[in-house]
Amino acid sequence: MTRTVKIGILGGAGRMGQMIAREILSGKHKAKLAAAVEHRKSWAIGKDIGGIIGHDPVGVNVMTDKDAAFHASDVLIDFTTPEATLEHAELAFRHAKPVVIGTTGLGSPEMAAIKTASQKTAMLQAANMSVGVNLLLSMVEHMAQMLDEEYDIEIFEAHHRHKVDAPSGTAYALGVAAARGRGIKLEDAIMPARFGQIGARPAGAIGFSVFRGGDVVGDHTVTFAGTGERIELSHKASDRSLFAKGALKAALWLAPQKPGFYAMKDVLGL
Ligand code: NAD
């Protein structure tokens with residue numbers, strides 16, 4: 001019989017943090033909510049996480065003490081900000097505790113800290129925790145491998161008005177997958193959002209288009225536009241709980257893993 005895994009949520013009162021708490025407290029998983037952490041100025045400090053999500057009190061108050069949270073948990077889940085993720089990766093190294101990182105907009109310093117932590121513990125980073133998007137990533141890589149530069153690759157993404165980074169981490173990951181399929185680096189082909197007299201599209205460019213508005217959970221479409229035909233691969237998320245379920249699945253999978261840097265494809269066996 002597998003034992004119950006103690007899970008800490010970093011960013012526990014955020015939109016994703018609350019969904020993950022709800023998923024853990026649903027009782028459907030071999031998981032126990034061990035800690036919920038927020039930054040010093042959060043409105044949620046000292047409040048019972050159960051009450052925050054409209055559940056009965058569960059005896060876990062949102063706190064600021066990250067060392068205590070790492071100590072109390074077998075594995076942690078981070079949905080915060082890149083700045084906070086950097087700190088959490090350093091704590092993962094110090095406590096040798098696995099962390100699932102869902103935060104997007106990470107730059108080189110954050111990725112370097114995650115890679116360093118992965119020498120000592122199991123770290124998983126995924127810009128998108130959904131099964132469908134992870135399938136899309138492998139299909140895009142495969143398609144880009146088969147279709148040459150006669151086919152322009154454009155990545156379109158749409159998200160709700162509150163999203164602060166662009167393009168989305170998922171769109172960027174799709175760009176990396178397309179570039180990998182073509183045997184090139186995304187930096188050498190990237191064509192960001194355009195405006196004005198931009199000239200004709202260079203051959204081989206991987207373009208990005210972005211929409212922000214309303215309550216769109218997350219749409220991604222990769223178009224391979226050739227002469228006389230277009231192939232479109234799309235994923236549309238309609239419920240954010242999809243990401244929370246994926247993050248929890250990843251955490252339960254990651255807890256017993258050896259030190260290393262993992263991705264959702266490892267969890268899903270893709
Ligand atoms: P949010 O703003 O609702 O929640 C973030 C939480 O982190 C907030 O409660 C905030 O107070 C907390 N926080 C900020 N700084 C902190 C610190 N230093 N220490 C502890 N907590 C801190 O945002 P959200 O919608 O929950 O999204 C969070 C991140 O997750 C974003 O980067 C978003 O793009 C990403 N995201 C990823 C996926 C995925 O599948 N990987 C899905 C949805 C969202």
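Start at 1 and go down the list; that is how both ligands and their atoms are numbered. In this chain, residues are counted from 1 in sequence order.
- Close approach of ligand 1 to Phe79 (heavy-atom distance below 4.0 Å) involves ligand atoms 5 (C), 6 (C), 7 (O), 28 (C), 30 (O), 36 (N), 37 (C), 38 (C), 39 (C), 41 (N), 42 (C).
- In this structure, CD1 on Ile77 lies 6.5 Å from CD1 on Ile9, to the nearest 0.5 angstrom.
- The shortest heavy-atom distance from Leu10 to ligand 1 is not under 4.0 Å.
- Here the side chain of Glu87 pairs no donor or acceptor atom with the backbone of Ala84 at under 3.5 angstrom.
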Legend entry - Verdict with supporting geometry, His88 and His95, ring-ring contact (aromatic ring centres under 6.0 Å, His included): CA-CA 10 Å; His88 300 153; His95 290 267; over 10 Å; no
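- Residues Ser234 and His220 have side chains that never bring a donor and an acceptor to within less than 3.5 angstrom of each other.
- Taking all heavy atoms of Met19, His88, Gln125, Arg15 into account, the minimum distance to atom 23 (O) of ligand 1 is reached by Arg15.
- Ring geometry, Phe208 versus Tyr172: the interplanar angle falls under 30°, so the pair is classed parallel (tilted spans 30 to 60°).
- The nearest heavy-atom contact from the protein to atom 13 (N) of ligand 1 is His39 CD2, 3.8 Å.
- With respect to Glu90 and Lys120, no salt bridge is recorded, no charged nitrogen being found less than 4.0 Å from a carboxylate O.
- Considering backbone and side-chain N/O of Ser42, none are found under 3.5 Å from N/O of ligand 1.
- At least one heavy atom of Lys163 sits less than 4.0 Å from an atom of ligand 1.
- The Thr103 neighbourhood of ligand 1 comprises atoms 30 (O), 32 (O), with distances under 4.0 Å to a heavy atom of that residue.
- Within the 4.0 Å heavy-atom shell around ligand 1 one does not find Lys41.
- When only modelled atom types and interatomic distance are considered, Glu229 and Tyr151 share a side-chain donor-acceptor pair under 3.5 Å.
- Below 3.5 Å of separation, one finds an N or O of Met16 facing an N or O of ligand 1.
- A salt bridge is defined here as a Lys NZ or Arg NE, NH1 or NH2 lying under 4.0 Å from an Asp or Glu carboxylate O, and Asp215 with Arg161 fails to meet this definition.
- Between Lys47 atom NZ and Glu38 atom CD the span is 11.5 Å, to the nearest 0.5 Å.
- Residue Ala127 places a heavy atom less than 4.0 Å from ligand 1.
- Across Asn134, Thr104, Asp165, heavy-atom proximity to atom 32 (O) of ligand 1 is greatest for Thr104.
- Formation of a donor-acceptor pair under 3.5 Å by the Asp48 side chain with backbone atoms of Gly59 is found in this model.
- Between Gly14 and ligand 1, a contact under 3.5 Å exists for at least one N or O pair.
- Residue Val37 has no nitrogen or oxygen atom sitting less than 3.5 Å from a nitrogen or oxygen atom of ligand 1, judged on distance alone.
- Nearest to atom 29 (C) of ligand 1 among the protein's heavy atoms is Thr80 O, 3.5 Å.
- Only side-chain heavy atoms of Phe243 come within less than 4.0 Å of ligand 1; its backbone N, CA, C and O stay farther off.
- In His162, neither the side chain nor the backbone holds a heavy atom less than 4.0 Å from any atom of ligand 1.
- Between the side chain of Asn134 and the main chain of Val131, no donor-acceptor pair closer than 3.5 Å is present.
- Polar contact check, Glu87 against ligand 1: no nitrogen or oxygen pair lies under 3.5 Å apart.
- Of the protein's non-hydrogen atoms, Glu38 OE1, 2.5 Å is the one closest to atom 11 (O) of ligand 1.
- With a 4.0 Å heavy-atom cut-off, ligand 1 is reached by the side chain of Arg240 but not by its N, CA, C or O.
- No salt bridge links Glu141 with Arg182; every basic N to acidic carboxylate O contact stays at or beyond 4.0 Å.
- Around atom 40 (O) of ligand 1, the closest heavy atom drawn from Met129, Lys66, Gln18, His159 belongs to Met129.
- Salt-bridge formation is detected for the pair Glu157/Arg212: a Lys NZ or Arg NE/NH1/NH2 atom is positioned less than 4.0 Å from an Asp or Glu carboxylate oxygen.
- Here the protein heavy atom with the shortest distance to atom 37 (C) of ligand 1 is Gly102 O, 3.0 Å.
- Counting protein heavy atoms only, atom 18 (N) of ligand 1 is closest to Ala84 CB, 3.3 Å.
- Proximity of Ala126 to ligand 1, defined as any heavy-atom pair under 4.0 Å, is confined to the backbone N, CA, C and O atoms.
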